[in-house]
Amino acid sequence: MRRGFADASTMARMTASTALYAQRRARLASMLGEGGIAIIPTAPERLRNRDTDYLYRHDSYFYYLTGFTEPGACLVLAADGTSTLFCQPKDLEREIWDGYRLGPDAAVAALGVDAAQSSAQLESQLPRLLENRSRVWYPFAIHAGLAARVEGWLNQVRARVRYGALCPAQQDDLCTLLDEMRLVKDAHEQDIMRAASVISAGAHIRAMQCSARMLRDGQDVREYHLDAELQHEFRRHGSQAVAYNSIVAAGANACVLHYRADAAPVRAGELVLIDAGCELDGYASDITRTFPANGQFTGPQRALYDLVLASQEAAVAATRAGARFNDPHDATVAVLAQGMLDLGLLDKNKVGSAQDVIDSRAYFQFYMHRTGHWLGMDVHDCGSYVEPSELGQVSERRDPLSGEAIKNRPSRILRPGMVLTIEPGIYVRPAEGVPEAYWNTGIRIEDDAIVTDSGCELITRGVPVKADEIEALMRA
Ligand code: GLY
Ligand code: MN
Ligand code: MN
C-alpha cells in the first residue's frame with residue numbers, strides 16, 4: 001500500500017530534480033534567521049478501518065523540500081543550510097511486506113541532503129539538533145501532537161542549560177515562509193500541473209462520451225459508472241491518486257456543492273456535473289464540467305449554461321498579473337447578477353438593478369461560493385489571499401445578508417506563476433418565484449489558470465467548455 005521509490009522510473013524522476021529541492025531548502029534556510037532551525041515532518045500513515053490504511057499521501061511541505069514520498073520521515077534544516085533527513089531504516093522483513101525503503105545510507109545521494117539517519121534516532125537526536133539554536137520553526141496546526149513533541153525536545157535542551165547549553169527561546173510557524181514560497185509555482189511545478197490537467201481533461205471527455213454512449217445503448221447509467229471512467233483515465237496515465245474525491249452529480253444532486261459520486265441514475269434530459277481532477281507527482285488538477293447526460297442541452301439548461309460560461313469568460317479576462325485575487329470573482333458576480341435578472345431567476349421588481357443585486361448579495365441564493373482558490377500541491381493550496389504589503393489597511397463593512405460586521409483587507413495582487421481556479425456556478429433549488437423550468441439545475445464550469453504578465457494560461461481547456469463543442473464531442 002505504500003508508495004516510495006517503487007520502481008526505476010520514479011527513482012530517475014526524483015534524482016533528476018534533486019538540485020531543485022536543494023535550491024528550495026537553501027532559499028528557506030536563508031529565511032530562518034540567525035540561529036534558526038526548522039523541523040518538517042511528512043504525513044503519518046492513517047488507518048481507514050481496523051488494520052487497513054488509507055492510501056498513503058506524503059505531506060506537501062515536506063515533499064516540496066525533499067521530493068521524498070516515503071512515510072516515517074522528517075527533515076531538519078538549519079539556517080546555515082545544513083539538512084538532516086530522518087527516514088525509515090532498511091528492514092528486509094518490513095520491505096517484504098510493505099515495499100522498498102530508500103534507507104538513510106542511500107538517502108544522502110538520492111535526495112541531496114547533507115546527512116541522513118534512521119527515524120528511530122529522531123527522538124534522541126532532535127534535542128541535540130535544537131541545542132544552541134535561538135529559534136525553532138515548524139508548521140503550526142498541521143501535525144497533531146507536533147507542538148507537544150517540540151516542547152518535549154526543548155525540555156530536554158532546557159535540562160542542560162546549567163552545563164552551558166542554549167535553548168531556543170522562540171517558536172515560529174514555518175508555514176508563513178513556505179506558504180509564500182509555494183504560492184508562486186516554478187517552471188518545474190507548472191509543467192507537472194499542465195501534465196496533470198491534460199490527464200484530467202481527457203478523463204472528463206471520457207466520462208461525457210461514456211454517458212452519451214450508454215444512454216444511446218439504452219443502458220442503466222449510474223453516477224458510479226462515470227466515476228469509474230474518470231478513475232480509469234487518471235490511472236492509465238500514471239496519476240497516483242485523485243486530487244480530491246470526485247463529484248459526479250446527476251440532476252438535482254448538482255445543487256449539493258460537496259456531493260460525491262454515488263449511485264443515482266443518470267437520465268437523458270438531465271445535466272451531470274462532474275468536478276474531478278487527478279493528482280500527478282504531488283500536484284493537483286481541479287476541473288468541473290456540466291453536460292447534458294445524453295449530449296443535448298434543453299433550452300432552459302442552455303440558457304443557464306451560457307450565463308455561467310459568460311461569467312467565467314469575464315473572470316478569465318480579469319485574471320492577470322497586477323489584478324487582485326478578488327477581481328475574477330467580482331467580474332463573475334457582475335455577469336451573473338445581470339443574467340439572473342434577465343432570465344427571471346430574480347425579480348427586478350423585488351431586487352432592483354444588477355448593482356442592487358450585487359450590493360444586497362441577492363445573487364447568493366443561486367451562487368454561494370467564491371470563484372476560485374489557489375491550486376498547487378493541495379487542491380485548496382496554501383498562500384495568503386490578502387496582499388502582504390497591505391496587511392495594515394483594514395476596512396469594515398456590514399454584510400447585507402447576515403448584518404455581521406466584516407473586516408476586509410486588500411485582496412492579493414496576482415503575480416506570474418500563481419495558479420488559481422476559475423469556477424463560477426449557478427445552483428437552482430425549487431423555490432417560490434423561481435421559474436420551474438430552472439428548478440433542480442446545478443451548473444459549474446471550472447478551469448485552472450496560471451497567471452501570466454498579460455493574462456492567464458488556462459491549462460485545462462483540453463476539455464471544451466462551449467455548449468456546442470460539448471454536444472459535438474458527445475455525439476462523437
Ligand atoms: N474540487 C474542489 C473545488 O473545486 O474547490
Ligand atoms: Mn476548485
Ligand atoms: Mn473543483
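Residue numbers run from 1 in the order of the sequence given. Hydrogens, waters and symmetry mates play no part in the numbers below; they use all other heavy atoms, side chains included.
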Decide side chain to side chain contact (heavy atoms under 4.5 Å, CB included) for Gln171 and Val150; before the verdict, give the C-alpha distance in whole Å, the side-chain angles of both, and the deciding distance to 0.1 Å.
-> CA-CA 9 Å; Gln171 298 183 31; Val150 171; 4.3 Å; yes

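- Electrostatic pairing of Asp378 and Arg182 counts as a salt bridge here, judged by a charged N lying under 4.0 Å from a carboxylate O.
- A centroid separation of 6.0 Å or more is found between the aromatic rings of Phe68 and Tyr63.
- With a 4.5 Å cut-off on side-chain heavy atoms, Leu273 and Val248 do not count as touching.
- Ring-centre distance between Phe140 and Tyr138: below the 6.0 Å cut-off.
- There is no side-chain donor-acceptor pair under 3.5 Å between Tyr224 and Asp262.
- For His369, the ring pair (Phe, Tyr, Trp, His ring centres under 6.0 Å) criterion is met by Tyr367, Tyr427, not counting sequence neighbours.
- Glu180 pairs with exactly one of Arg27, Arg412, Arg415 by the salt bridge (charged side-chain N to carboxylate O under 4.0 Å, His left out) rule, that one being Arg412.
- The closest side-chain donor-acceptor pair between Gln355 and Asp359 falls under 3.5 angstrom.
- Looking at Thr460 and Asp448, their side chains never bring a donor and an acceptor atom within 3.5 Å of each other.
- Formation of a donor-acceptor pair under 3.5 Å by the Tyr244 side chain with backbone atoms of Ala276 is found in this model.
- A salt bridge links Asp275 with Arg444: at least one charged nitrogen is closer than 4.0 Å to a carboxylate oxygen.
- The closest side-chain donor-acceptor pair between His380 and Asp286, if any, does not fall under 3.5 angstrom.
- Take Glu469 and apply the salt bridge (charged side-chain N to carboxylate O under 4.0 Å, His left out) test, not counting sequence neighbours, and it matches no residue.
- Under the 4.5 Å side-chain criterion, counting only non-hydrogen atoms from C-beta, Tyr259 is in contact with Glu223.
- A donor-acceptor contact under 3.5 angstrom links the side chains of Asp179 and Tyr61, judged on distance only.
- Side chain to side chain, Arg370 and Asn326 meet the donor-acceptor criterion of an N or O pair below 3.5 Å.
- A donor-acceptor pair under 3.5 Å is formed between the side chain of Ser134 and the backbone N or O of Glu34.
- Ionic pairing of Glu390 and Arg409 is not present here: no N-O contact between side-chain nitrogen and carboxylate oxygen is shorter than 4.0 angstrom.
- For the salt bridge (Lys or Arg N to Asp or Glu O under 4.0 Å) condition, the pairs that include at least one residue of residues 233-250, sequence neighbours left out, are Arg206-Glu233, Glu233-Arg236.
- Under a 3.5 Å cut-off, the side chain of Thr66 and the backbone N or O of Phe62 do form a donor-acceptor pair.
- With no hydrogens or angles considered, no side-chain donor-acceptor pair links Glu70 and His58 at under 3.5 Å.
- The pair Arg320-Asp453 does not meet the salt-bridge criterion, since no charged nitrogen lies less than 4.0 angstrom from a carboxylate oxygen.
- Checked by atom type and distance alone, the side chain of Ser285 pairs as donor or acceptor with a backbone atom of Cys278 at under 3.5 Å.
- A cation-pi arrangement is found for Arg361 relative to Phe364, the charged atom lying closer than 6.0 Å to the ring centre and inside a 45° cone about the ring normal.
- Between Arg461 and Asp447 there is a salt bridge, since a side-chain N of the basic residue sits under 4.0 Å from a carboxylate O of the acidic one.
- In the displayed structure, Arg397 atom CZ is contacted under 6.0 Å by more than 12 heavy atoms of other residues, nucleotides or ligands.
- Judged purely by atom type and a 3.5 angstrom limit, Arg101 has no side-chain atom pairing as donor or acceptor with the backbone of Gln88.
- Side-chain N or O atoms of Glu95 include one that pairs as donor or acceptor with a backbone N or O of Asp91 at under 3.5 Å.
- Judged purely by distance below 3.5 Å, without hydrogens or angles, the side chains of Asn408 and Gln393 never pair a donor atom with an acceptor atom.
- Under a 4.0 Å N-O distance rule, the pair Asp105/Lys90 does not qualify as a salt bridge.
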